[in-house]
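See structure below.
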Protein chains: 2
Amino acid sequence: MAAESTGDGRGKRRRATARRPTISDVAQRAGVSKVAVSYALNGQPGVSDATRRRILAIAEEIGFSPSRAARVLSGAAAAGAIGLVLSRPARTLGIEPFFMELISGVEATLSARSYGLTLQMTTGPADEAVVYRRWWGERRVDGVLICDLRVDDPRIAEIEKLSLPAVVIGGPGQTGNLASIWSDDAAAVVETVEYLYALGHRVIARVGGVPEFLHTRIRADAFAQVCARLGIAEATSVDSDYSGEEGARITRRLLSSRNRPTAIIYDNDVMAVAGLGVAQEMGLRVPADLSLVAWDDSVLCRLVHPALTALQRDIPAHGARAASMLLDIIDGHPPSAVQDATARLAPRSSTARAPW
Amino acid sequence: MAAESTGDGRGKRRRATARRPTISDVAQRAGVSKVAVSYALNGQPGVSDATRRRILAIAEEIGFSPSRAARVLSGAAAAGAIGLVLSRPARTLGIEPFFMELISGVEATLSARSYGLTLQMTTGPADEAVVYRRWWGERRVDGVLICDLRVDDPRIAEIEKLSLPAVVIGGPGQTGNLASIWSDDAAAVVETVEYLYALGHRVIARVGGVPEFLHTRIRADAFAQVCARLGIAEATSVDSDYSGEEGARITRRLLSSRNRPTAIIYDNDVMAVAGLGVAQEMGLRVPADLSLVAWDDSVLCRLVHPALTALQRDIPAHGARAASMLLDIIDGHPPSAVQDATARLAPRSSTARAPW
DNA sequence: TACCCCAGCTTATCCGGTTCAGCAACCGTC
DNA sequence: GACGGTTGCTGAACCGGATAAGCTGGGGTA
């Protein structure tokens, strides 16, 4: 391993990438100290207007932008990024429009304020805690967004212990002292069931999501309650994993049962579309024989025939608001629990009067 | 603005978040110098096994992880993140499963090597260059992935100028000296058209994507050529913006034309599904009257009825490979142009023999 | 015993910024 | 013309790590 330093012309080993200009380069060119450059760039007093302009021109010319690492280290700046951990199997994320829409909303807020978004996918909530700790220790993010809130979620305590700024997207309740943004899923369920009831449906089923998630529980409870109140005896609620396959399987089972439902409410759009396929394959007409309602209204619902009645939420706006809250908290505002708009029922062609 | 420092009990203003342990804290607790801690944590020689174990135990106990900023600054580490800029309208990203699948694949590679992914959305390629420059100057990312390669893409020159490690997802050609990963879209087009020709189709239309994108051009050229070769005179190619609305509009126009096509190839799945809806709405039976082929096979294609014949690619794997290449380049490997698997035609129920 | 070597540490320096405490030069003022 | 105040700048210290070089004590060796 004769590490002779040839060719390069410098003693020190360089990275392959070109040398990036530093504050000293600017200072040298301008014939001032780096302190003057720092003041000039940050709009601080301490340099004359003429010097300031000269420095700014030079910085622009040589394409200087201050090293984030150095600014972070000196305590002047934060990481300039927020973190988002997704712990769903990587392959299934692609099919859930929800996350991409959420992310695009989050990004809309962040890019407006020159913040970055750091993503990480993990296999489960246990790994997530590790990621949070690492991020926090490395000062890699200034705060985190927490999705898929679980019942008795261990992440809440972990984040609180680190006193890492955070916003929980979910709730209400179970968010500890962390800020949160939530929408009233229970009310949306009630509205949907009452609507189906008004259409004459008396056997209504619900295909829920992952039972560990808090919002699944909230929706399931609301469904059971409103059905009890309306006197709907046949109110089946089945859990799933949100996948199209599961949605199809459960729908097939529901439609094959003795007292088959005349209306089904799905916890996401992928399962609803899969359910529609099963209904058609089994020779049932939608909506004449069977009404379907999807939760979360992506293109999917509008593209299929008949178009699916869906619970509509502005997910990008939801994400944007969550990001905005997080930036406020990073700026020192106290955490709060904000209620966002309730999903509203968008009736389309997949719901109609009950067949009997 | 009486900035009295009360309550905190410290002279210096603190961030709201708890104090993060530093290497000095570990050193002090262990009764050694920071250097010993550094050696111990990095597996370097210079400390005895007993001391090393003690240091590691203490580090673990107080939850220490080294400040990324400090490591970057001292030149020992890179940013530990790669960047991905998406310049499509934020709202439309949610509906394209492609990106989320790509991202999940990228993440699979990155999380395995403890790399982060920094996302940024911009409004156009001009802004993208600004982002690259800033990232590079701030040393925020170690490399970037470039999507949606355009014809004469200005980003290529910009990145080369910065000598920022990069992998272009797209091509072949027009990628300068940058590494790239591409698949042979031309071959996939040829296979599809030949398949449709074999089924007896003689009037075939194609609904393309954004004409500025290189792959749109490649596909359009291949389509024109293979149609010419097979003697298909009626070979319409229409550009679009990938949206379902456009897909529906164009399909409606194609199906209303005098010499209407018996087969349509779409450049993405969203448009294909929208096209299917239009066909059904116009009373055409798929596949008896009209055959449809989608490019990129997401759940969408499988969930609709009839299920759509699609050009299948393993997008997560594509993303994972791209990320892997980028990490290699960051490690100093020379850039290369890699050909990934060609999309293969997955025949389903939306294609059949031509009606006449 | 004198010598050398090496394991096992420490001290000093550097990375690229920010910030605080000086410190000249210039101004007007009494 | 000595004084105080402002303006415009600089030197030095610091952030939290990595790293090169120096130091020390104990063991082996001649």
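The sequence lines fix the lettering, A, B, ..., with proteins before strands; numbering per chain opens at 1. Hydrogens, waters and symmetry mates play no part in the numbers below; they use all other heavy atoms, side chains included. Given the structure is predicted, the values throughout are model-derived calculations rather than measurements.
- Note on residues 323-337 of chain B: pairs passing side-chain hydrogen bond (donor to acceptor under 3.5 Å, both in side chains), not counting sequence neighbours, are Arg113(B)-Asp331(B).
- Taking the C1' atoms of five terminal pairs at each end of the helix from dT1(C)-dA30(D) to dC30(C)-dG1(D), the two resulting helix axes are inclined by 60°, rounded to 10°.
- When the side-chain nitrogen and oxygen atoms of Ser38(B) are compared with OP1 and OP2 of dA18(D), one or more of them lie within a distance under 4.0 Å.
- The salt bridge (Lys or Arg N to Asp or Glu O under 4.0 Å) analysis of residues 33-47 of chain B, with sequence neighbours excluded, yields no pairs.
- Looking at which nucleotide of DNA chain C each of Val35(B) and Gly137(B) is closest to, the 5′-most match is held by Val35(B).
- As rounded to whole Å, 10 Å separates atom C1' of dC9(D) from atom CD1 of Ile55(A).
- More than 12 heavy atoms of other shown residues, nucleotides or ligands fall within 6.0 angstrom of atom CD in Glu160(B).
- Residues from residues 57-70 of chain B with heavy atoms under 4.0 angstrom of DNA chain D, sorted by number: Phe64(B), Pro66(B), Ser67(B), Ala70(B).
- Using a 4.0 Å heavy-atom cutoff across all strands shown, Gln44(A) reaches sugar-phosphate atoms only and no base atom.
- For the side chain to side chain donor-acceptor pair (under 3.5 Å) test, residues two or more places apart in sequence or in another chain that qualify with Arg321(A) are Asp340(A).
- Every residue two or more places apart in sequence or in another chain that forms a side-chain contact (heavy atoms from CB on, under 4.5 Å) with Gln44(B) is listed here: Tyr39(B), Asn42(B).
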Distances under 3.5 Å between nitrogen or oxygen atoms of protein and nucleotides 5-9 of chain C:
residue, atom, partner, partner atom, Å
dC9(C), OP1, Thr51(B), OG1, 3.4
dC9(C), OP2, Ser48(B), N, 2.7
dC9(C), OP2, Ser48(B), OG, 3.0
dC9(C), OP2, Thr51(B), OG1, 3.1

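- Between Arg71(B) and dA18(D) there is a side-chain polar atom (N or O) within less than 4.0 angstrom of OP1 or OP2.
- Listed by first and then second residue, the salt bridge (Lys or Arg N to Asp or Glu O under 4.0 Å) pairs that reach into residues 50-76 of chain A are Arg29(A)-Glu61(A), Arg68(A)-Glu138(B), sequence neighbours excluded.
- Applying the side-chain contact (heavy atoms from CB on, under 4.5 Å) test to Asp25(A) and every residue at least two apart in sequence or in another chain returns Arg19(A), Pro21(A), Thr22(A), Ile62(A).
- For Ala157(A), there are no side-chain contact (heavy atoms from CB on, under 4.5 Å) partners two or more places apart in sequence or in a different chain.
- For the side chain to side chain donor-acceptor pair (under 3.5 Å) test, residues two or more places apart in sequence or in another chain that qualify with Thr51(A) are Ser48(A).
- By the salt bridge (charged side-chain N to carboxylate O under 4.0 Å, His left out) test, Glu128(A) is found to be paired with Arg155(A), residues two or more places apart in sequence or in another chain being considered.
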